[in-house]
Trainee: 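This is the structure, below, for whatever I ask next.
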Amino acid sequence: MSLKRSKRHRSTKSTLRLPDLDHSKNSVLQSLGSAASKRTYGYAIEDFISWYCSEPRLAFGRTVVLRYRYELESRRLAPATINLRLAAVRRLAYEASDNGLLNPDLAAGIRRVKGAKRLGMKLGNWLTVDQGRRLLAVPSSGSTKDKRDHAILSLLLGCGLRRAELTGLKMSDFQQRDEHWAIVNLFGKGGHIRTVPVPGWAMEVLDEWLRAAQIDEGVIFRRVSRTGSVWGQKISEKLVWWVVRERAKLAGIESWLRTIFGEPVLVFAMQREASWSRSSFSWGIDQSRQRSATWGAVSVSSLP
DNA sequence: GCGAAGAGGCATAGGCGTAT
DNA sequence: ATACGCCTATGCCTCTTCGC
């Protein structure tokens, strides 16, 4: 037994081969909670593996990861992307080390590789109150699909929902509290739970869709066929994007489309527009203020 | 065949915990 | 207080599938 253990200890390597890397990659992906993370990390690790295997076989350590960082920089990727790729490679190293496939000293060296500097912060592309109104005012043909799309826009704008939150909404998530409607116990990004008031005007638009689609239980937003029949179990997040895009085109604000739509900060920006000033609206670079501001969003109920 | 919607792929921003 | 790392999300294409 002791012989076996010492053999295993001696077998920790500095140069990993494809099966070792694949095994470690699977361990990393299994440990991630979100499907989006699995997809993104999977892509990042695949990219690193194909680069690593195309290079002359060097020890999988700090130097190799630094070289990979230079490679990413030479591709002119954004710092956010480079840091994401490096985070995935660090995780790959921890897993390889934990599985006895990589020398722990080499893994520790990889951990010390710094990420790319993020210089400043983009100001984003916020929807103004006027643009929000124009989006909601897009003329409707009265079709079932139009009613659904209008309801989607109304909940996104009125409640500051993310796309993923919207697609999973069920009838049972809506409850009446003190004569007001609210989406209760909404599971948001990172598994956080919140309760969101629903403005009266948004509730009316939603009711129109529910009546047209004859939905009285289960998931709220479903697919609509060309002939107007409602089918399927739910819609995808991609569809929400397409709905927003089509409506933005019709509203004549397509140029706004590179957007942070779906993040609560968008609604906050709309709420604050009336008192906009450069000095008072500095939370884009002030982290603590940004955090405290993030959920003041729901009083946009006066939007239409 | 056509339109609605999903899947896949890659890039990048948001947001939270923690180290400094 | 803030910079950084990590995970989770969106943005925006193209290509494919599905229902009618």
Side-chain angles (χ1 to χ4, degrees), chain A residues 28-29 31-47 50 69 72 75-94 110-126 143-146 148-149 152 156 160-168 187-192 194 221-246 248-249 254-269 283-295:
Chain A
V28 172
L29 298 189
S31 70
L32 293 168
S34 138
S37 302
K38 287 183 203 287
R39 197 168 55 237
T40 307
Y41 268 57
Y43 177 77
I45 293 173
E46 251 339 292
D47 182 75
S50 64
R69 192 183 126 172
L72 294 174
R75 292 186 208 166
R76 302 204 162 263
L77 293 170
T81 308
I82 293 173
N83 290 339
L84 175 70
R85 302 285 177 88
L86 290 176
V89 172
R90 287 188 204 103
R91 281 291 299 272
L92 189 71
Y94 310 155
I110 289 170
R111 184 180 200 131
R112 291 197 303 275
V113 175
K114 292 265 182 220
K117 280 257 185 264
R118 292 192 206 201
L119 298 171
M121 187 184 274
K122 289 187 178 178
L123 270 176
N125 185 9
W126 298 314
S143 69
T144 308
K145 182 174 174 296
D146 259 5
R148 182 200 62 188
D149 293 352
I152 286 174
L156 285 175
L161 300 184
R162 296 184 178 87
R163 296 190 307 188
E165 293 166 349
L166 184 101
T167 60
F187 276 81
K189 186 172 178 174
H192 296 274
R194 67 183 194 277
F221 292 109
R222 322 268 179 96
R223 301 194 209 176
V224 177
S225 76
R226 200 161 31 122
T227 56
S229 59
V230 177
W231 64 289
Q233 296 302 309
K234 62 181 288 192
I235 58 170
S236 71
E237 293 161 33
K238 313 257 181 188
L239 174 60
V240 178
W241 164 247
W242 281 105
V243 168
V244 173
R245 182 178 150 147
E246 290 309 307
K249 273 184 194 169
E254 197 185 1
S255 59
W256 153 80
L257 270 170
R258 171 132 183 103
T259 167
I260 51 172
F261 205 101
E263 293 293 339
V265 288
L266 163 73
V267 186
F268 180 74
W283 58 265
I285 53 170
D286 180 339
Q287 201 174 51
S288 57
R289 204 184 302 182
Q290 180 178 354
R291 283 190 194 186
S292 62
T294 298
W295 260 110

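First the proteins, then the strands, lettered A, B, ... as listed; each starts at 1. Bear in mind that the values here come from a model prediction, so they are computed numbers and not experimental data.
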Trainee: What is the distance from CG of A:L72 to P of B:dT12, rounded to the nearest Å?
Mentor: 11 Å

Trainee: If we ignore hydrogens and angles and just use 3.5 Å, is the side chain of A:R90 paired with the main-chain N or O of A:V113 as donor and acceptor?
Mentor: yes

Trainee: May I ask you to decide if A:K114's main-chain N or O and A:R69's side chain share a donor-acceptor pair within less than 3.5 Å?
Mentor: yes

Trainee: Do A:L29 and A:Y41 touch side chain to side chain, with heavy atoms closer than 4.5 Å?
Mentor: yes

Trainee: List for me each residue that meets salt bridge (Lys or Arg N to Asp or Glu O under 4.0 Å) alongside A:R148, sequence neighbours excluded, and say none if there are none.
Mentor: none

Trainee: Of the options B:dA13, C:dG5, C:dC7, whose atoms approach the side-chain atoms of A:R91 most closely?
Mentor: C:dC7

Trainee: Ignoring hydrogens and geometry, is there a side-chain-to-backbone donor-acceptor pair from A:S229 to A:S225 under 3.5 Å?
Mentor: no

Trainee: What is the distance, to the nearest angstrom, from the OH atom on A:Y41 to the P atom on C:dG5?
Mentor: 12 Å

Trainee: May I ask you to say what A:A164 touches in the nucleic acid, namely base, sugar-phosphate or nothing, with a heavy-atom cut-off under 4.0 Å?
Mentor: sugar-phosphate

Trainee: Rounded to the nearest Å, what distance is computed from the CH2 atom of residue A:W241 to the C1' atom of nucleotide C:dT14?
Mentor: 15 Å

Trainee: Rounded to whole angstroms, how far apart are CG on A:N83 and C1' on B:dG15?
Mentor: 15 Å

Trainee: Is A:A36 touching bases, backbone alone, or none of the nucleic acid, heavy atoms closer than 4.0 Å?
Mentor: base

Trainee: Which part of the nucleic acid, if any, lies within contact of A:S34, taking any heavy atom under 4.0 Å across all strands shown: a base, the sugar-phosphate backbone alone, or nothing?
Mentor: sugar-phosphate

Trainee: Below the 4.0 Å mark, does C:dT8 have OP1 or OP2 next to a side-chain nitrogen or oxygen of A:S37?
Mentor: yes

Trainee: When the distance from CG of A:L84 to P of B:dA13 is rounded to whole Å, what number comes out?
Mentor: 12 Å

Trainee: If a protein heavy atom is under 4.0 Å from the base, mark B; if only from the sugar-phosphate, S; if neither, -; do that for nucleotides 3-9 of chain B going 5' to 3'.
Mentor: SSSS-BB

Trainee: Can you find a heavy atom in the side chain of A:L156 that is under 4.5 Å from one in the side chain of A:V240?
Mentor: yes

Trainee: Students often get this wrong, so: under 4.0 angstrom with heavy atoms, is A:R111 touching a base, only sugar-phosphate, or nothing?
Mentor: nothing

Trainee: Just to confirm, is there a sub-4.0 Å distance from OP1 or OP2 of C:dC6 to any side-chain nitrogen or oxygen of A:Y94?
Mentor: yes

Trainee: Send over the distance from A:L86 CG to C:dC7 C1', rounded to a whole Å.
Mentor: 15 Å

Trainee: Tell me the interatomic distance from A:R90, atom CZ, to C:dG5, atom C1', rounded to whole angstroms.
Mentor: 7 Å

Trainee: For A:R75, which residues count as a salt bridge (Lys or Arg N to Asp or Glu O under 4.0 Å) partner, sequence neighbours excluded?
Mentor: A:D47, A:E71

Trainee: How would you label the contact of A:L77 with the nucleic acid (heavy atoms, under 4.0 Å): base, sugar-phosphate, or nothing?
Mentor: sugar-phosphate

Trainee: Just checking A:S229: base, sugar-phosphate only, or nothing, at a heavy-atom cut-off of under 4.0 Å?
Mentor: sugar-phosphate

